Amino acid sequence: MKYVIIGGVAGGASAAARLKRLNEDAEIVLFEKGEYISYANCGLPYYIGNTIEDRKKLFVQTPVSFGNRYDVDVRNLNEVTAINRDKKTVSVKNLRNGKEYEEKYDILLLSPGAEPIVPPVPGIDLPNIFTLRNVTDCDRIKVEAVDKMKDNASAVIVGAGFIGLEMAENLRRIGYDVTVVEKAEHVLMPLDWPMAAIVQQHLKDKGVKVITGNGLAAFKGSEDNLVVVLEDGTELSCNLAILSIGVRPNTKLAEAAGLKIGEAKGIWVNEYLQTSDECIFAVGDAIEFPHPVTGKPYCNFLAGPANLQARTVAMNMVYPETVKYQGSVATAIAKVFDLTAASTGLNENNLKKQGIKFQTVITHPAAHATYYPGGSPIHLKLNFDPETGLILGAQAVGTMNVDKQIDAISLLLKHQGTIFDLVNSEHAYAPPFGSAKSPVMFAGMVAENIFAHLMNPIQADELDEILDKGEDINLIDVREIQEFKTGSIQGAENYPVDELREFLEDIDPDKKTVIFCEVGLRGYVASRILMQSGFDEVYNLIGGMKTYRLIGRHLK
């Protein structure tokens, strides 16, 4: 059996290695149009920023070492230009000498990846405008922008996704004055605004200028003076610009061959990762697949799922229809200076677009036992189905243990877990590592209280709408008086939770009552007191003042 693989990075190389382990007699030809295979895309920003100093560490294998270990015919700098399904061949161009030839296959695997979005704006071809998708891009940036960096150098990064912010950190690390431009309303769109607000403020604290709600319109200038022009006419002078607007599935070969392209614009595959041609399979950034939560197809541009797909597809290429791919909930994480930001599943924006009902909790628990030194809070946001308790998505931001929390939720989410599973989850505990109630368990408990109608939640933006209208409500700050004096919400009265029972006669039980504290816990206690004392409409501000300070409009 002869297997031909197009694409030699995460999906293609991993599939080739797995194929050989499954079938030692398999003939495998791996085509890669670039010079390198099996390299660490995710490490490229850190090499640019000199966090990774040795370039060789970016490469898991070279074409020669990979070919020797797995007995694979690796042909880098060979571009597949067409798939000839009727003949079961691919047309190939050798980029070293320009010669063209055909190669036969029995089974073909497509792993062409994704291509960066480069908007067709004026001046896009000017010097010192870069994308970062592969080693060649990385080397260009390293040579032109790092090795030749001038004093007082400045950079503009267009796009504030995970890679854009990683580049912001690493360029700042080597001395660049950095401005991040994002057309959306906030950075890191996989995160909802309360979580993204924490990251956005941290970027500013680290000296990165952040411009949101304003997209790219044009470039102008010269090699020595590049100017980024924004949609509102703002002009930003810089020495280099990094385009990090996003990527799209590379489906050119598949489309030209007549393979089915799905509604999300990726290569359509079935649960065995087989395309509309039974002899052709596909994996990685180029494919679309139904989301485990919504059941609707989407494209996922992450290395973890690509590697799992490679393992799955290899099994099905050798042993047909053996292993079903279950999809990806898009669990992602990034380091942004001192913070870690992570997400899994669906955020509010996606849930609203899909028309899915949801409820949200925001908690700010400590990363480990508060009495053990060196701790810090984890800001955790959980979206769930208010009728079934099904977990829909989560986000976390903090300086430590963020990955641990988001991975635990991701595992449950992937297997249709609920908030009750979070409550009943078990985590390793010792004071240096966590708390007896882990952040994940705690978020589940808050969600369970809402589900059981023990607490009525109100979000910061919902409270602002009420205050904007001037509604006559009881707005009660149940923190200590010293905390209240440092700042609160306009119109709030201070009744510390430990003294609340003494002031029940001073509060109108017929009015809507909104209670808040610093993070929500004392607010919950206070709301239970009022709900069991004849107050019919009592709400607790989710996330408390710690969240409201980030996004609220009525601070005093």
Side-chain angles (χ1 to χ4, degrees), residues 184-186 189 191-198 200 346-364 379-387 389 392-395 397 419 443 445-479 487-495 497 507-528 530-531 535-556:
E185 293 304 312
H186 61 74
M189 286 305 290
L191 273 59
D192 294 320
W193 173 229
M195 297 293 104
I198 300 168
Q200 197 158 300
L346 302 178
N347 61 16
E348 286 193 21
N349 186 47
N350 286 325
L351 289 166
K352 290 174 182 176
K353 283 183 179 179
Q354 301 281 355
I356 298 173
K357 292 182 180 179
F358 68 96
Q359 183 57 267
T360 288
V361 299
I362 300 174
T363 58
H364 306 280
H379 312 280
L380 182 60
K381 187 174 189 292
L382 177 69
N383 298 326
F384 66 96
D385 186 319
E387 297 178 356
L392 300 173
Q395 301 143 38
V397 176
I419 58 175
M445 291 173 181
V446 176
E448 186 181 49
N449 288 337
I450 295 172
F451 188 88
H453 303 293
L454 294 172
M455 180 179 75
N456 299 315
I458 186 169
Q459 306 295 329
D461 57 346
E462 294 173 328
L463 176 58
D464 275 345
E465 289 178 10
I466 291 172
L467 298 177
D468 288 343
K469 295 175 183 176
E471 288 188 31
D472 185 18
I473 64 171
N474 298 319
L475 183 59
I476 302 175
D477 186 336
V478 297
R479 297 175 300 162
S488 187
I489 299 174
Q490 294 171 8
E493 297 289 337
N494 182 220
Y495 297 113
V497 64
I507 306 170
D508 188 346
D510 297 325
K511 288 183 181 180
K512 178 186 292 185
T513 301
V514 176
I515 291 175
F516 63 94
C517 62
E518 185 63 22
V519 297
L521 179 56
R522 285 175 289 177
Y524 170 60
V525 173
S527 71
R528 292 303 300 155
L530 294 185
M531 291 173 74
F535 288 72
D536 293 330
E537 196 175 1
V538 181
Y539 298 88
N540 185 24
L541 179 62
I542 292 298
M545 282 297 294
K546 192 174 283 289
T547 294
Y548 192 83
R549 286 191 197 95
L550 292 165
I551 62 176
R553 299 192 299 270
H554 292 270
L555 287 166
K556 71 173 183 180

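Everything numeric here is computed off the predicted structure, so don't read it as measured data.
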May I ask you to test the [X]-[Y] pair for a side-chain heavy-atom distance under 4.5 Å?
X      : Y      : result
Leu346 : Phe358 : no
Ile458 : Phe516 : no
Val446 : Met455 : yes
Leu475 : Gln490 : no
Ile419 : Ile450 : no
Ile489 : Val514 : no
Tyr548 : Leu463 : yes
Ile466 : Lys512 : yes

Open item on the list: For residues 513-522, which residue pairs pass the salt bridge (charged side-chain N to carboxylate O under 4.0 Å, His left out) check, not counting sequence neighbours?
Closed with: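 Every salt bridge (charged side-chain N to carboxylate O under 4.0 Å, His left out) pair that includes a residue of residues 513-522, provided the two are not neighbours, is Arg479-Glu518, Glu483-Arg522, Glu518-Arg549.
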
Open item on the list: I'd like to check the side-chain hydrogen bond (donor to acceptor under 3.5 Å, both in side chains) partners of Thr547; sequence neighbours left out, ordered by chain and number.
Closed with: His364

Open item on the list: List the residues meeting side-chain hydrogen bond (donor to acceptor under 3.5 Å, both in side chains) with Tyr495, not counting sequence neighbours, and say none if there are none.
Closed with: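 side-chain hydrogen bond (donor to acceptor under 3.5 Å, both in side chains) list for Tyr495, sorted by chain: empty.
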
TODO: Mind checking salt bridge (charged side-chain N to carboxylate O under 4.0 Å, His left out) for Asp468 and listing every partner two or more places apart, or none if nothing turns up?
DONE: Arg553

Indicate the atoms forming the closest heavy-atom contact of [X] with [Y], along with that distance.
X      : Y      : result
Met545 : Leu555 : CE-CD2, 3.8 Å
Val361 : Phe384 : CG1-CE2, 4.0 Å
Ala443 : Leu380 : CB-CD2, 3.7 Å
Ala447 : Leu382 : CB-CD2, 4.2 Å
Asp510 : Asp508 : N-OD1, 2.9 Å
Cys517 : Gly523 : SG-N, 3.2 Å

Distance check, rounded to the nearest 0.5 Å: [X] atom [atom1] versus [Y] atom [atom2]?
X      : Y      : atom1 : atom2 : result
Leu191 : Ile198 : CG    : CD1   : 8.5 Å
Ile551 : His186 : CD1   : NE2   : 10.0 Å
Met531 : Thr513 : CE    : OG1   : 11.0 Å
Ile542 : Lys381 : CD1   : NZ    : 10.5 Å
Leu392 : Gln359 : CG    : CD    : 11.0 Å
Met189 : Asn349 : CE    : CG    : 5.5 Å

- [ ] May I ask you to check whether Gln395 and Asp192 show a side-chain donor-acceptor distance below 3.5 Å?
- [x]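 Side chains of Gln395 and Asp192: pair found under 3.5 Å.
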
- [ ] Consider only side-chain N and O atoms of Ser488 and Asp477, and report whether a donor and an acceptor are under 3.5 Å apart.
- [x] yes

Open item on the list: Working note: His379 + Ile362, criterion side chain to side chain contact (heavy atoms under 4.5 Å, CB included); need CA distance, chi angles, decisive distance, verdict.
Closed with: CA-CA 7 Å; His379 312 280; Ile362 300 174; 5.9 Å; no

Open item on the list: Tell me every residue that passes side-chain contact (heavy atoms from CB on, under 4.5 Å) with Asp472, counting only those two or more places apart in sequence or in another chain.
Closed with: Lys511

- [ ] For atom NZ of Lys353, decide whether the heavy atoms of other residues, nucleotides or ligands shown that lie under 6.0 angstrom number more than 12.
- [x] no

- [ ] Scan residues 454-463 for pairs that pass side chain to side chain donor-acceptor pair (under 3.5 Å), counting only residues two or more places apart or in two chains.
- [x]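 Qualifying pairs: none.
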
